[in-house]
Amino acid sequence: MTRERLADMVQRGLVTPTGLISHGRGEAYDYLMGERSTDAALEAERAAANGNAAALDPEGIIALAGKIPAKIEVNLFHRTPERMEGLISYLESKGAVNVLGRDPDSRIQGLEHDRALCTSEGIFGADVILVPIEDGDRAEALVAMGKKVISIDLNPLSRTSKAATVPVCDEISRAIENISRFVDELRGDRETIIKTLDDFSNQENRRRTVEGICRFLMDGLDGGDD
């Protein structure tokens, strides 16, 4: 269903063909994790509750933004006026309000590509940013600007995951759902929130993700053929 939705988005000009390649690469890691939220992913999602995405899970992103509350800004690698308007209009058709990105007035420092274009009300002025797709250059640039970056990228070895303050290695729909649940669970519990963040380690969490992949593969070998 996800592949069909993305293919339809390519036909509509909202997703680029290279976006399908990126999705396939991430999908392969999902298979290696057993297509489930690992313990390491849940730990990262719990910490994150303390920011191709529009095509993959627009309803989840909109709901999470409203719950926090946070602003939504469209920021594209392959940026054209038509794609920007198409994606923003698509999000608005799903219920999003005041989606930013149409009229950029700032730039992400350290990026020369069009994805450096952003708004002062959104990405440029934010202290915490959710980057729900693999983009190592953008994640590194945002961290260099002093921002806390939450990434959603199934690959624990990617530059995005390595650079992020909190790398969530999980499929985006599961990740958004889990983060939303933890937002509700942790709201108002300042002591637990602080402890969760203090105890979180990027490197250790990614290490546990890789170990989980290895265990899943070995369990599959031990189980024999289906």
statement: Across all chains, not counting sequence neighbours, the salt bridge (Lys or Arg N to Asp or Glu O under 4.0 Å) partners of Glu73 are none
field: Sidechain-backbone polar pair: Asn178 side chain, Leu42 backbone, donor-acceptor under 3.5 Å
entry: no
query: What are the two closest non-hydrogen atoms of Leu130 and Pro132, and how far apart are they?
result: O-CD, 3.2 Å
- line: salt bridge (Lys or Arg N to Asp or Glu O under 4.0 Å) filter on Arg115, not counting sequence neighbours, yields Asp135, Asp137
- request: Can you see which heavy atom on Ala175 is nearest to which on Glu45, and at what distance?
  value: CA-OE2, 3.4 Å
query: Would you find a donor on one side and an acceptor on the other, under 3.5 Å apart, between the side chain of Lys147 and the backbone of Ala126?
result: yes
- request: Look at atom CZ of Arg102 and say whether more than 12 heavy atoms of other residues, nucleotides or ligands are closer to it than 6.0 Å.
  value: yes
message: Check this for me, if you would: do Glu185 and Arg46 make a salt bridge, where the nitrogen-to-carboxylate-oxygen distance has to be below 4.0 angstrom?
response: yes
query: Within a radius of less than 6.0 Å around CG of Asp39, do more than 12 heavy atoms belonging to other residues, nucleotides or ligands occur?
result: no
Any donor-acceptor pair under 3.5 Å from Asn202 side chain to Ser161 backbone: yes
task: Might you confirm whether atom NZ of Lys67 has over 12 heavy atoms from other residues, nucleotides or ligands at distances under 6.0 Å?
output: yes
Whether Thr119 side chain and Asp105 backbone form a donor-acceptor pair below 3.5 Å: no
query: Would Asn205 and Arg208 satisfy side-chain hydrogen bond (donor to acceptor under 3.5 Å, both in side chains), going step by step from the backbone distance to the final call?
result: CA-CA 5 Å; Asn205 189 269; Arg208 289 177 57 205; over 6 Å; no
- prompt: Which residues pass the salt bridge (Lys or Arg N to Asp or Glu O under 4.0 Å) test with Glu177, sequence neighbours left out?
  reply: none
- prompt: Where is the tightest heavy-atom contact between Ser158 and Asp153, given as atom of each residue plus distance?
  reply: OG-OD2, 2.5 Å
message: Are Met84 and Ile72 linked, directly or through intermediate hydrophobic residues, by side-chain heavy-atom contacts shorter than 4.5 Å (ILVMFWY only)?
response: yes
- request: Identify whether Phe124 and Leu142 are in the same connected component of the hydrophobic contact network (ILVMFWY, side-chain heavy atoms under 4.5 Å).
  value: yes
- request: Say whether Ile61 and Leu154 are linked into one hydrophobic cluster, either directly or through other cluster members, by side-chain heavy-atom distances under 4.5 angstrom.
  value: no
